[in-house]
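Have a look at the structure below before the remarks.
In listed order, ligands and their atoms are each counted from 1.
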Amino acid sequence: MTNTIDYHLAREKMVKNQLMPRGINDPRVLEVMGKIPRDRFVEEALLGEAYNDHPLPIGHKQTISQPYIVALMTQALELTGEENTLEIGTGSGYQTAILAGLSEKVYTIERVRPLLVKARNILAELGYNNIMFKAFDGTLGWKEYEPYDAIMVTAGAPKTPQPLLDQLVEGGRLVIPVGNKFSQELIKVTKKKGNFIQKNLGGCRFVDLVGVHGWKD
Ligand code: SAH
């Protein structure tokens, strides 16, 4: 009768058609993205588009990232389940859920408090108990719980914030979009013997990272 959407099928198709053909091959990433209900993190009016191959608005001029970008950034962190992971830009909380499913503990920071509160409620409803939240400027990192094995920044930065590099463990990975306000390159930084090795994962477009070590408000 009603036009209920088969989210399970939509997720399966997303993994098969959007992720696997584009080089997402970490089985843990594919598994977790095949399970987490992305539909819970989007606005009701956009439910029909929850699993589509593009970002969606989440209010406060912010967006939930395209599934492929979420997968690409997550895969780059090489998570095994034992990591202390820091996320900057909680937004909808969708990426947070993916990281929480693949790490030991996730520390997530969001500067727009209403977004943080909404994400925290949804993630609690879904039963996550390994996530710590903070309404703050994430460009400063989260000193209290450093160092981090993995750091993900989900907003575009003019350059990698130094505090985040400082809070990475030896051997740790950091993924961040770096560029101007209109387009960025997805950069993976690996800390090896105190050096920061950079790899370019390709072009992307994110909302601004606003803060002391980001764009000015
Ligand atoms: N991973 C999120 C992406 C949200 S968009 C998702 O898929 O839903 C990026 C988010 O970064 C926005 O919510 C924005 O408010 C937040 N943000 C921007 N600058 C920030 C900063 N300095 N510290 C914390 N969050 C920031």
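- Checking only distances, Gln95 never comes within under 3.5 Å of ligand 1, N or O to N or O.
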Stepwise salt bridge (Lys or Arg N to Asp or Glu O under 4.0 Å) test for Arg40 and Glu125
CA-CA 10 Å; Arg40 293 294 304 275; Glu125 273 171 38; 2.5 Å; yes

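- When only non-hydrogen protein atoms are considered, atom 18 (C) of ligand 1 lies nearest to Asp208 O, 3.4 Å.
- In this structure, the protein non-hydrogen atom closest to atom 5 (S) of ligand 1 is Thr63 O, 3.1 Å.
- In summary, Asp217 and Arg111 engage in a salt bridge, as defined by a charged side-chain N under 4.0 Å from a carboxylate O.
- By the 4.0 Å heavy-atom criterion, Leu140 is excluded from the residues contacting ligand 1.
- Residue Leu115 approaches ligand 1 through these ligand atoms, each under 4.0 Å from one of its heavy atoms: 13 (O).
- When hydrogens are left out, the protein atom nearest atom 23 (N) of ligand 1 is Gly138 N, 2.8 Å; that is the closest non-hydrogen contact.
- In this structure, a donor-acceptor pair under 3.5 Å is present between the side chains of Thr90 and Thr108.
- The shortest N or O to N or O distance between Tyr94 and ligand 1 is not under 3.5 Å.
- Heavy atoms of Val70 come nearer than 4.0 angstrom to ligand 1 in no pair at all.
- In terms of polar-atom proximity, defined here as any N/O pair under 3.5 Å, Val210 does make such a contact with ligand 1.
- Side-chain heavy atoms closer than 4.5 Å link hydrophobic residues (I, L, V, M, F, W, Y) into clusters, and following such links, even through other members, never connects Tyr107 to Val112.
- Within a 6.0 Å sphere centred on CZ of Arg113, other residues, nucleotides and ligands contribute 12 heavy atoms or fewer.
- Donor-acceptor pairing under 3.5 Å is recorded for the side chains of Tyr51 and Arg11.
- Listed by number with element, the atoms of ligand 1 under 4.0 angstrom from any heavy atom of Ile88 are 23 (N), 24 (C).
- With hydrogens left out, the protein atom closest to atom 8 (O) of ligand 1 is Ser92 OG, 2.6 Å, a heavy atom.
- Shortest contact from atom 15 (O) of ligand 1 to any protein heavy atom: Glu110 OE2, 2.5 Å.
- At a 4.0 Å cut-off, at least one heavy atom of Phe136 sits close enough to ligand 1 to count as contact.
- Counted within 6.0 Å of NZ on Lys143, heavy atoms from surrounding residues, nucleotides or ligands total 12 or fewer; the atom is thus considered open.
- Relative to atom 1 (N) of ligand 1, the option among Asp217, Thr154, Val112 with the closest non-hydrogen atom is Thr154.
- A donor atom on one side chain and an acceptor atom on the other are found under 3.5 Å apart for Asn200 and Glu185.
- Among all non-hydrogen protein atoms, the one lying nearest atom 12 (C) of ligand 1 is Gln62 OE1, 3.3 Å.
- Regarding atom 11 (O) of ligand 1, its nearest protein heavy-atom neighbour is Gly89 CA, 3.2 Å.
- At distances below 3.5 Å, at least one donor-acceptor pair connects side-chain atoms of Asp137 with backbone N or O atoms of Val212.
- Counting heavy atoms of neighbouring residues, nucleotides and ligands inside a 6.0 Å radius, atom NZ of Lys35 does not exceed 12 of them.
- In this structure, Ser65 has a heavy atom closer than 4.0 Å to ligand 1.
- Considering Gln66, Met152, Arg111 only, the shortest heavy-atom separation from atom 17 (N) of ligand 1 involves Arg111.
- Using a 4.0 Å cut-off to heavy atoms of Thr139, the atoms of ligand 1 that qualify are 22 (N).
- Contact atoms of ligand 1 toward Ile109: 24 (C), 25 (N) (distance under 4.0 Å to a heavy atom of the residue).
- Close contacts between ligand 1 and Val207 involve ligand atoms 5 (S), 9 (C) [criterion: under 4.0 Å to a heavy atom].
- When only modelled atom types and interatomic distance are considered, Glu87 and Thr96 share a side-chain donor-acceptor pair under 3.5 Å.
- Within 6.0 Å of atom CE in Met132, more than 12 heavy atoms from other residues, nucleotides or ligands are found, so the atom counts as buried in its surroundings.
- Panel note: side chain Tyr145, backbone Asn84; no donor-acceptor pair is recorded below 3.5 Å.
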